[in-house]
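This is a predicted model, so every value here is computed, not measured. Every chain is numbered from 1 and lettered A, B, ... according to where its sequence line falls, protein lines coming before strand lines.
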There are 2 protein chains.
Amino acid sequence: MIAVAPDNSGRIRRQNQERILDAAERVFAETGFAGATIAEIAASAGLPKANVHYYFSTKEDLYRAVLQSILTLWLAPADRITPDSDPAEAMADYIRAKMEASRVHPYASKVFANEILHGGGQIQPFLSEDLRRRVEDKAAVLDGWISGGRMAPVDTRHVFFWIWAITQHYADFDIQVRTVLARKRLARRDFDHITAEVVRFVLRGLGLEFSIQQG
Amino acid sequence: MIAVAPDNSGRIRRQNQERILDAAERVFAETGFAGATIAEIAASAGLPKANVHYYFSTKEDLYRAVLQSILTLWLAPADRITPDSDPAEAMADYIRAKMEASRVHPYASKVFANEILHGGGQIQPFLSEDLRRRVEDKAAVLDGWISGGRMAPVDTRHVFFWIWAITQHYADFDIQVRTVLARKRLARRDFDHITAEVVRFVLRGLGLEFSIQQG
DNA sequence: GTCTATACATAGATAGAC
DNA sequence: GTCTATCTATGTATAGAC
């Protein structure tokens with residue numbers, strides 16, 4: 001009888017779960033929930049099919065776990081937006097963080113986009129609770145800036161939709177972007193250029209163009 | 001023997017194909033290619049399953065036909081952007097047309113988004129030929145405006161990505177938008193408000209804010 | 001805890017009567 | 001041209017040996 005030490009066993013468990021989650025994120029991103037197969041996820045994780053079922057009993061369980069791991073990333077960038085911060089600085093930081101997220105976690109962005117696109121049934125609570133509250137809070141901050149004459153008057157909740165749309169576009173629609181630009185891939189320096197352009201565009205759109213100097 | 005008159009038979013044929021295409025567009029939009037079933041498409045079209053196979057031999061054929069019917073819609077709005085037009089007017093018209101497309105054809109937008117999201121294998125020629133050429137042409141028009149000092153200096157090809165991202169967001173991510181705004185649905189007047197906000201934001205972002213008066 | 005073999009369900013596609 | 005019945009493939013999930 002080969003008994004595995006508890007600490008070690010726990011590590012293997014976590015390690016395998018992590019491998020499966022990473023593989024699943026990629027496969028779900030590339031083919032959607034229905035298109036993804038356990039076989040492909042297992043192969044991509046370097047594990048036999050039944051092993052995936054051992055850690056995540058059903059495909060839906062696994063999908064929910066992937067979504068969960070994404071949602072924790074999703075709200076973080078908005079932390080920079082506070083009443084006391086300089087509007088232009090705060091919004092520029094936010095946009096940069098969102099662009100960085102698109103560059104580093106394109107699969108996460110695609111899984112999220114796919115879930116929303118198909119009705120968002122699995123993340124309804126996140127949308128109606130966490131995200132909604134967050135947007136209300138941050139929109140209130142922007143409204144304060146507008147009242148103080150520090151920003152152009154806009155419907156502030158839509159400002160977030162626009163920033164999400166633009167920044168996530170570079171992850172979700174990357175094939176279209178690369179094809180239209182005739183680029184094989186978008187490297188870090190491409191993202192730096194794009195990020196600077198997006199920051200300038202959005203800040204100008206919000207009437208914040210004169211406040212910052214650095215791109 | 002019941003022979004159907006040729007003209008009439010042609011009409012039934014077109015009518016059934018149209019019903020199937022409409023139903024397929026909706027089902028593909030809601031569940032993606034893999035998630036869609038012929039049974040659901042047939043039910044939604046009010047026809048038996050085998051009838052769908054009669055008109056479109058395979059699921060992929062049907063999917064391609066749906067995409068084809070969308071692509072013809074996709075390039076039209078950019079026609080308003082010409083060297084002689086007033087920059088602000090032309091861009092405002094373009095944005096309004098794209099927002100209207102999102103309002104009227106949300107399923108088409110979702111099918112397109114889904115296809116891009118999953119690699120765009122079925123529309124690669126469209127992306128690399130038609131769309132790429134169109135963007136190059138229209139970006140050149142914008143570059144001309146910039147040279148003439150009529151618009152702020154920006155990377156003009158990305159301007160199109162931004163406008164697509166924002167306007168299509170209201171179709172593709174409608175569940176998120178509605179949930180965050182706590183609205184059951186977005187009516188025509190909601191779209192009118194949003195469109196005006198988007199037009200103002202984008203024009204200001206492009207340095208065109210002073211040129212137009214009407215929202 | 002791992003993995004092979006397999007049961008079971010679903011869905012794409014087709015044969016053939018009408 | 002329409003539709004029922006069915007074939008076949010694929011993929012989820014599980015049983016059971018190791």
Side-chain angles (χ1 to χ4, degrees), chain A residues 1-21 23-67 114 118 121-122, chain B residues 1-21 23-67 114 118 121-122:
Chain A
M1 154 184 160
I2 304 172
V4 184
D7 50 318
N8 202 25
S9 135
R11 211 179 61 202
I12 289 177
R13 187 179 189 77
R14 250 176 291 122
Q15 224 172 44
N16 279 349
Q17 284 182 331
E18 197 57 40
R19 290 165 65 109
I20 293 169
L21 284 171
E25 181 179 279
R26 216 209 66 230
V27 175
F28 282 133
E30 286 174 347
T31 61
F33 175 76
T37 67
I38 303 287
E40 193 183 346
I41 292 169
S44 173
L47 293 168
K49 218 169 52 160
N51 212 321
V52 173
H53 282 293
Y54 174 74
Y55 286 108
F56 302 91
S57 51
T58 69
K59 185 183 176 183
E60 202 176 319
D61 278 352
L62 175 54
Y63 181 62
R64 267 195 290 262
V66 169
L67 279 175
N114 197 62
H118 297 38
Q122 301 286 357
Chain B
M1 153 183 162
I2 305 172
V4 184
D7 49 320
N8 202 26
S9 136
R11 210 180 61 202
I12 289 176
R13 187 178 189 78
R14 249 176 291 125
Q15 223 172 45
N16 280 348
Q17 284 183 332
E18 197 57 40
R19 289 166 66 108
I20 293 169
L21 284 171
E25 182 179 280
R26 216 207 67 229
V27 175
F28 282 133
E30 286 173 348
T31 61
F33 175 76
T37 67
I38 303 288
E40 193 184 346
I41 292 169
S44 172
L47 293 168
K49 213 169 57 160
N51 211 321
V52 173
H53 281 293
Y54 174 73
Y55 287 108
F56 301 93
S57 50
T58 70
K59 186 183 177 183
E60 204 175 317
D61 277 353
L62 175 54
Y63 181 63
R64 267 196 288 263
V66 169
L67 280 175
N114 196 64
H118 297 144
Q122 300 286 357

* Asked: Where along residues 56-63 of chain B does a heavy atom come under 4.0 Å from DNA chain C, residue by residue in number order?
  ->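 B/T58, B/K59, in order of number.
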* Asked: Taking the side chain of A/H53 as its heavy atoms from C-beta onward, which of C/dT2, D/dG1, D/dT12 lies nearest to it?
  ->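 The listed nucleotide nearest to A/H53's side chain is D/dT12.
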* To do: Find out whether A/F28 and A/L62 are in side-chain contact, i.e. whether some heavy atom of one side chain is under 4.5 Å from a heavy atom of the other.
  =>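 They are in contact (side-chain heavy atoms under 4.5 Å apart), so the answer is yes.
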Rounding to an integer number of Å, can you tell me how far [X] [atom1] sits from [N] [atom2]?
{"X": "A/R19", "N": "C/dT2", "atom1": "CZ", "atom2": "P", "answer": "11 Å"}
{"X": "B/I12", "N": "D/dT2", "atom1": "CD1", "atom2": "C1'", "answer": "11 Å"}
{"X": "A/K49", "N": "C/dA7", "atom1": "NZ", "atom2": "P", "answer": "14 Å"}
{"X": "A/R11", "N": "C/dG1", "atom1": "CZ", "atom2": "P", "answer": "14 Å"}
{"X": "A/R14", "N": "C/dG1", "atom1": "CZ", "atom2": "C1'", "answer": "16 Å"}

* Output all residues satisfying side-chain contact (heavy atoms from CB on, under 4.5 Å) with A/T58, sequence neighbours left out; order by chain, then residue number. =>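 Counting only residues at least two positions away or on another chain, A/T58 forms a side-chain contact (heavy atoms from CB on, under 4.5 Å) with A/E60, A/D61.
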* Sequence-distant partners of A/Q17, side-chain contact (heavy atoms from CB on, under 4.5 Å), two or more places apart ->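 Residues passing side-chain contact (heavy atoms from CB on, under 4.5 Å) with A/Q17: A/R13, A/Y55, A/F56.
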Check residues 38-52 of chain B and write down every donor-acceptor pair under 3.5 Å in which the side-chain atom is one partner and the other belongs to a residue at least two apart or another chain.
residue : atom : partner : partner atom : Å
B/S44   : OG   : B/R26   : NH1          : 2.9

Spacing of [atom1] belonging to [X] relative to [atom2] belonging to [Y], to within rounding of 0.5 Å:
{"X": "B/K59", "Y": "B/R64", "atom1": "NZ", "atom2": "CZ", "result": "13.0 Å"}
{"X": "B/R19", "Y": "B/I12", "atom1": "CZ", "atom2": "CD1", "result": "11.0 Å"}
{"X": "A/E25", "Y": "A/L67", "atom1": "CD", "atom2": "CG", "result": "9.5 Å"}

* Between A/Y54 and A/A50, which has a closest nucleotide on DNA chain C that is more 5'? ->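 Looking at DNA chain C, the more 5' nearest nucleotide goes with A/Y54.
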* Quick one: is B/Y55 getting a side-chain N or O under 4.0 Å of the D/dT2 phosphate, OP1 or OP2? ->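 The answer is yes; a side-chain N or O of B/Y55 sits under 4.0 Å from OP1 or OP2.
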* Asked: Is A/N16 near enough to C/dT2 that one of its side-chain N or O atoms lies under 4.0 angstrom from OP1 or OP2?
  ->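 The answer is yes; a side-chain N or O of A/N16 sits under 4.0 Å from OP1 or OP2.
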* If every non-hydrogen atom of B/F33 is compared with every non-hydrogen atom of B/Y63, which pair is closest and at what distance? ->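 Smallest heavy-atom distance, with atoms named: CD1-CG, 3.5 Å.
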* **Contact residues, residues 27-47 of chain B to DNA chain D [heavy atom, < 4.0 Å]** =>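 Residues of residues 27-47 of chain B that come under 4.0 Å of DNA chain D do not exist, since none gets that close.
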* **Terminal helix-axis angle for the helix from C/dG1-D/dC18 to C/dC18-D/dG1, with five pairs defining each axis and rounding to 10 degrees** =>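 The end axes of the helix from C/dG1-D/dC18 to C/dC18-D/dG1 are about 10° apart, to the nearest 10°.
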